[in-house]
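These values consider heavy atoms only, across backbone and side chains, with no hydrogens, waters or symmetry-generated copies. A note on names: the letters A, B, ... follow the listed sequences, proteins ahead of strands, and every chain is numbered from 1.
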2 protein chains.
Amino acid sequence: MDMPIRTADEVDLDRLNSALGFLMRLAQLKIYERFFEEVGEHNLKPGEFSVLWVILHNPGIRQSVLGQRLMIKRAHMTKLIRALEDQNLVSRKIPDGDRRAVEITLTPEAVTRVEQASQWFFSYEASVGANLTAGERQQLTALLQKFVGLG
Amino acid sequence: MDMPIRTADEVDLDRLNSALGFLMRLAQLKIYERFFEEVGEHNLKPGEFSVLWVILHNPGIRQSVLGQRLMIKRAHMTKLIRALEDQNLVSRKIPDGDRRAVEITLTPEAVTRVEQASQWFFSYEASVGANLTAGERQQLTALLQKFVGLG
DNA sequence: TGGAGATTGTTTCTTTGTAAACAAATTTTG
DNA sequence: CAAAATTTGTTTACAAAGAAACAATCTCCA
């Protein structure tokens, strides 16, 4: 009365294997796994790197704008920024023009660290999707950009 | 001395806007947002639907195999299954052949519910990526399948 | 056969992220 | 101008997901 044993690749997903949400989740998990395997001594999480990178390229950016662009909720952004501040990587300034807002800048120390980490990050990124051809990778990138409205 | 204000789409992402990990995260967040906007009365989370769907198509599947296929960790799978059990949607059976394992089956009630939810789910899924052409959508699906090793 | 190691699932603790209520400042509008 | 509504960020409480330690069972091989 027991069922025959299935191994993982014998599981029948039926139509689920064409569902974009499902595929996207698997893809992201795969990418994150590799990130943590390879991040080594940089001691950064994916979200931290992207936040620092964007601040580097947009010094004085406001927390709210940063969150909108990276799709990070306000409540969570507060925690991320405070954690970065505790590591002395960012500084906060209340602008005179709007005293509700917070403008974020990298510390000089962080500029160096982010520049170093970015060398690793973008070579890691280039190795993601090594099971695709260069053309396929390029296509996938372009389609995702259009999908999320960045193209 | 204040910085000029940037709006979200004026933020300079530099090379980050071609990073697959970043694009994939944005894409997934966008998809999840729509899921919750449209799920309505079905009262399901994305993970719950996929788990129930796979059990429907693989009755008696083992927790471990389900987790491997859906990339859900064992510790989390335990909680998911217990929550489903509490809603009387799945039943667990310890097989005689291996008393460590657990085989999962849908309750008759759940079969009906999943069949109904799947009608909604797959039409919702078809509407995801409406800003792509049909051909682009198809390409994206195929590339993701290859990327995650399902194609 | 029986003991070492692997597998399966659970429990506990921590991290990551969201939701809702709140406070302060700004904008809108009557 | 003043009250109402909105924006911005923070706090608190909670949910989702993972890591590590554990217990039970099974496999393998000396």
Side-chain angles (χ1 to χ4, degrees), chain A residues 2-3 5-8 25-26 28-37 39 43-51 60-87 90-104, chain B residues 2-3 5-8 25-26 28-30 32-33 35-37 39 43-51 60-87 90-104:
Chain A
D2 286 353
M3 296 291 168
I5 300 166
R6 282 172 202 80
T7 60
R25 176 173 162 280
L26 289 192
Q28 212 204 328
L29 288 174
K30 188 178 163 181
I31 292 176
Y32 270 54
E33 255 181 17
R34 281 187 63 120
F35 182 98
F36 287 109
E37 277 167 23
V39 65
N43 277 14
L44 286 175
K45 286 163 255 178
E48 287 178 342
F49 175 76
S50 61
V51 165
I61 191 174
R62 296 192 175 181
Q63 249 181 245
S64 56
V65 175
L66 190 52
Q68 283 162 32
R69 176 75 293 175
L70 300 181
M71 292 189 75
I72 295 172
K73 298 280 187 304
R74 279 174 307 157
H76 187 39
M77 183 60 78
T78 295
K79 296 176 197 169
L80 279 181
I81 295 295
R82 186 164 48 208
L84 295 173
E85 212 182 4
D86 290 347
Q87 299 172 68
V90 305
S91 65
R92 309 167 19 141
K93 171 169 189 283
I94 309 293
D96 290 340
D98 185 345
R99 304 183 38 69
R100 293 167 304 179
V102 178
E103 292 177 350
I104 316 284
Chain B
D2 284 354
M3 296 291 167
I5 299 166
R6 281 173 203 80
T7 61
R25 176 173 160 282
L26 290 192
Q28 213 205 324
L29 288 174
K30 187 177 163 182
Y32 270 53
E33 255 180 17
F35 182 98
F36 288 110
E37 277 167 24
V39 65
N43 276 15
L44 286 174
K45 287 163 254 176
E48 287 178 343
F49 175 75
S50 61
V51 165
I61 192 174
R62 295 189 176 185
Q63 251 182 243
S64 56
V65 175
L66 190 52
Q68 283 161 34
R69 176 74 293 173
L70 300 181
M71 291 191 73
I72 296 171
K73 298 280 187 299
R74 278 174 308 155
H76 187 40
M77 184 60 77
T78 295
K79 297 171 198 170
L80 279 181
I81 295 295
R82 187 164 47 207
L84 294 173
E85 213 183 2
D86 290 347
Q87 299 172 68
V90 305
S91 65
R92 308 167 18 140
K93 170 168 188 286
I94 310 293
D96 291 340
D98 183 346
R99 304 185 35 71
R100 296 168 303 182
V102 178
E103 293 178 349
I104 316 285

Output the rounded distance in Å from [atom1] ([X]) to [atom2] ([N]).
| X | N | atom1 | atom2 | value |
| --- | --- | --- | --- | --- |
| A:Arg74 | C:dT18 | CZ | C1' | 12 Å |
| A:Lys93 | D:dT8 | NZ | P | 17 Å |
| A:Leu84 | C:dT16 | CG | P | 12 Å |
| A:Leu70 | C:dT16 | CG | P | 17 Å |
| A:Asp98 | C:dT26 | CG | P | 5 Å |
| B:Gln63 | C:dT7 | CD | P | 17 Å |
| B:Phe36 | C:dG17 | CZ | P | 15 Å |
| A:Arg62 | D:dG9 | CZ | C1' | 12 Å |

Decide yes or no, distance alone: a donor-acceptor N/O pair under 3.5 angstrom between the base of C:dG9 and the side-chain of B:Lys79.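 No such pair is found, so the answer is no.
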Donor-acceptor pair under 3.5 Å: do we get one between A:Lys45's side chain and the base of C:dT15? no
At under 4.0 Å, does any side-chain N or O of [X] touch on OP1 or OP2 of [N]?
| X | N | answer |
| --- | --- | --- |
| B:Ser64 | C:dG9 | yes |
| A:Arg25 | D:dA17 | no |
| B:Arg92 | C:dT10 | yes |
| A:Arg82 | D:dT11 | yes |

Which sits closer to the 5' end of DNA chain C, B:His76 or B:Gln68, going by the nucleotide each is nearest to?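 The answer here is B:Gln68.
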Which listed nucleotide (C:dG9, D:dT25, D:dG18) is nearest to the side chain of B:Arg100?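 Shortest atom-to-atom distance from the side chain points to D:dT25.
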So which nucleotide from C:dT18, D:dG18, C:dA25 ends up closest to the side chain of A:Arg99? C:dA25
I want to check something: taking the side chain as every heavy atom from C-beta on, are [X] and [Y] in contact at a cut-off of under 4.5 Å?
| X | Y | value |
| --- | --- | --- |
| B:Thr7 | A:Val65 | no |
| B:Arg92 | B:Ile81 | yes |
| A:Glu48 | A:Gln87 | yes |

Have a look at A:Thr78 and say if it touches a base, only the backbone sugar-phosphate, or nothing, with a 4.0 Å heavy-atom cut-off. base
Under 4.0 Å between any heavy atoms, over every strand shown, what does B:Ala75 touch: base, sugar-phosphate, or nothing? Just pick one.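 Base contact.
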Hey, does the side chain of A:Arg25 reach the backbone of B:Met71 with a donor-acceptor pair shorter than 3.5 angstrom?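 Yes, A:Arg25 side chain to B:Met71 backbone: donor-acceptor pair under 3.5 Å.
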I'd like to know whether A:Lys93 forms a side-chain contact (heavy atoms from CB on, under 4.5 Å) with A:Val102, so could you lay out the CA-CA distance, the side-chain angles of the two residues, the decisive distance to 0.1 Å, and finally the verdict. CA-CA 6 Å; A:Lys93 171 169 189 283; A:Val102 178; over 6 Å; no
Pairwise 5' ranking along DNA chain D for A:Ala101 and B:Tyr32, keeping only the more 5' one: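 So the residue in question is A:Ala101.
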